[in-house]
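This report refers to the structure that appears directly beneath it.
Values reported hereafter were calculated over all heavy atoms of this structure, with side chains retained and with hydrogens, waters and symmetry mates removed. Throughout, residue positions are numbered sequentially from 1 according to the sequence presented.
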Amino acid sequence: MRKALITGGTGFVGVHLQRLMRQSFTVTATGHESDLRDGDPVRRLVAGVRPDVVVNLASITTVRESFADPLETYRIGFLGTLNLLAALKASGFRGRMLNVSSSEIYGHPEEAELPLTELSPLRPMSPYAVSKSATEQMCFQWSRTEPFEIVTARPFTHIGPGQSDRFAISNFSRQIAEVLLGRREPVLRVGNLETSRDFTDVRDVAGAYMMLLEKGRSGEAYNVCSGKEVSMSTVLERLIERARTPIAVEQDPALVRDAEQARVVGSYAKLNADTGWNPEVPLAKTLGDTVSHWLEQIK
């Protein structure tokens, strides 16, 4: 079987991606034990695996973390990716790499600019987004000047079972699971519910990454999204409806993000045209599976 390397592959998306990739590849997935900031271990990793395909998921995971330590954000994201690219070149890599970026690079678009396409202006508003944007540019350059292919994915908000409760939908789901199990009072603490986002199930995102590895065009970037805009208040209402028990909601000022974008929705037309990908998992199943995951974890 062909060999695949997934850096940052033990996290939320990586676990789901591994399940798909193991059907066609022998997979090596690294986590925190593999530090992309140090070039020597990265070279040893790549030389030992000698992958046919690479997916780079390694990154600071939240915007808030990136503001707390911008330099570390750039070391892991931009410079870490440079170390990975250099290691691949040194090993004689001739395969394909998927660079995972983020819709955060679009910043705060005007409502008239929605839905966002790959041609929308890039206005990064955080160290996380700056790192992702700069890494995209570097990967484009390498895709043109080096003898291997690089495709970039720009995932929008992705949710589902296994996500950390540092993220809003997973946090809501955990709180509801605690209520259902009698571990907390029937009151949910939430942030700003007036925003709307483009939500995609993590299993659909993993499927998109697989199709981009196979059919994406080298040097191109692709939005990975549902193309549907859903408000946070609507998501919370659906979660509470599924709980079938009275639950109150209280806003926690500590959970409200400063200067948060009001609306975000993207277009996946380019991804569909080049690979045939479509989102398949309905939001209701995503929410139900996320609550079920927390029920199992808490038990």
Exercise. Counting only heavy atoms not in Arg144, do more than 12 fall under 6.0 Å of its CZ?
Worked result: yes
For residues 9-19, which side-chain donor-acceptor pairs fall under 3.5 Å, sequence neighbours excluded?
residue: His16; atom: ND1; partner: Arg19; partner atom: NH1; Å: 3.2
residue: His16; atom: NE2; partner: Pro161; partner atom: O; Å: 3.0
residue: Gln18; atom: OE1; partner: Arg22; partner atom: NH2; Å: 2.5
residue: Gln18; atom: NE2; partner: Gly9; partner atom: O; Å: 2.8

Would [X] and [Y] pass as an ion pair if we require N to O under 4.0 Å?
X: Arg217; Y: Asp274; value: yes
X: Arg183; Y: Glu178; value: no
X: Glu194; Y: Arg263; value: no
X: Lys89; Y: Glu146; value: yes
X: Arg96; Y: Glu214; value: no
X: Asp252; Y: Arg189; value: yes

Hey, does the side chain of [X] reach the backbone of [Y] with a donor-acceptor pair shorter than 3.5 angstrom?
X: Ser218; Y: Glu149; answer: no
X: Ser34; Y: Gly31; answer: no
X: Arg123; Y: Pro121; answer: no
X: Glu104; Y: Thr62; answer: no
X: Asp204; Y: Glu280; answer: yes
X: Lys270; Y: Glu118; answer: no
X: Ser267; Y: Ala269; answer: yes
X: Glu113; Y: Glu110; answer: yes
X: Ser91; Y: Leu88; answer: yes
X: Trp142; Y: Leu85; answer: no

Going from [atom1] on [X] to [atom2] on [Y], what distance comes out if it is rounded to the nearest 0.5 angstrom?
X: Gln175; Y: Trp294; atom1: CD; atom2: CH2; result: 10.5 Å
X: Lys215; Y: Thr275; atom1: NZ; atom2: OG1; result: 6.5 Å
X: Gln297; Y: Ser173; atom1: CD; atom2: OG; result: 12.5 Å
X: Phe148; Y: Arg94; atom1: CZ; atom2: CZ; result: 8.5 Å
X: Asp69; Y: Tyr74; atom1: CG; atom2: OH; result: 10.5 Å
X: Glu111; Y: Gln261; atom1: CD; atom2: CD; result: 8.0 Å

Are side-chain heavy atoms of [X] and [Y] found at a separation under 4.5 Å?
X: Glu65; Y: Thr73; value: no
X: Leu98; Y: Asn56; value: no
X: Leu79; Y: Leu36; value: no
X: Asn223; Y: Leu271; value: no
X: Thr157; Y: Thr200; value: no
X: Val202; Y: Ile159; value: no
X: Ile240; Y: Val249; value: yes
X: Met138; Y: Thr81; value: yes

Considering all heavy atoms of both residues, which atom of [X] and which atom of [Y] are nearest to each other, and what is their separation?
X: Cys225; Y: Gly266; result: SG-C, 3.5 Å
X: Val63; Y: Ser126; result: CG1-CB, 3.7 Å
X: Gly219; Y: Ser143; result: CA-OG, 3.4 Å
X: Glu229; Y: Val264; result: CG-O, 4.2 Å
X: Asp52; Y: Phe93; result: O-CE1, 3.5 Å
X: Ala129; Y: Ile105; result: O-CG2, 3.6 Å

Do we see a donor-acceptor contact under 3.5 Å between the side chains of [X] and [Y]?
X: Thr135; Y: Asn99; answer: no
X: Asp198; Y: Ser226; answer: yes
X: Arg166; Y: Ser164; answer: yes
X: Asn83; Y: Asp38; answer: no
X: Arg154; Y: Tyr106; answer: yes
X: Ser133; Y: Glu136; answer: no

Problem set entry | Chi angles and distances behind the side-chain contact (heavy atoms from CB on, under 4.5 Å) call for Leu71, Arg75 | CA-CA 6 Å; Leu71 183 57; Arg75 283 173 174 162; 3.3 Å; yes
Please tell me whether [X] and [Y] are part of a single hydrophobic cluster in this structure, the criterion being side-chain heavy atoms less than 4.5 Å apart.
X: Ile176; Y: Ile169; value: yes
X: Val205; Y: Leu20; value: yes
X: Ile247; Y: Ile298; value: yes
X: Leu122; Y: Val130; value: no
X: Val151; Y: Val55; value: yes

For this session: Anything under 30° is parallel, anything over 60° is perpendicular, the rest tilted; go ahead and classify Trp277 against Tyr268.
Result: perpendicular
For this session: Check step by step if side-chain contact (heavy atoms from CB on, under 4.5 Å) holds for Val265 and Leu116.
Result: CA-CA 6 Å; Val265 63; Leu116 294 163; over 6 Å; no
May I have the list of side-chain donor-acceptor pairs in residues 230-239 shorter than 3.5 Å, sequence neighbours left out?
residue: Ser231; atom: OG; partner: Ser233; partner atom: OG; Å: 3.0
residue: Ser231; atom: OG; partner: Thr234; partner atom: N; Å: 3.0
residue: Ser231; atom: OG; partner: Thr234; partner atom: OG1; Å: 2.7

For this session: Mind running side-chain contact (heavy atoms from CB on, under 4.5 Å) on Cys139 and Met97 for me, showing each step along the way?
Result: CA-CA 9 Å; Cys139 285; Met97 173 175 144; 4.2 Å; yes
Per-pair distances, 0.1 Å, donor-acceptor, side chain in residues 281-292, under 3.5 Å, sequence neighbours excluded:
residue: Lys285; atom: NZ; partner: Asp289; partner atom: OD2; Å: 3.0
residue: Thr286; atom: OG1; partner: Asp201; partner atom: OD2; Å: 2.6
residue: Thr286; atom: OG1; partner: Pro282; partner atom: O; Å: 3.3
residue: Asp289; atom: OD2; partner: Arg203; partner atom: NH1; Å: 3.0
residue: Asp289; atom: OD2; partner: Arg203; partner atom: NH2; Å: 3.0
residue: Thr290; atom: OG1; partner: Thr286; partner atom: O; Å: 2.7
residue: Ser292; atom: OG; partner: Gly288; partner atom: O; Å: 3.0

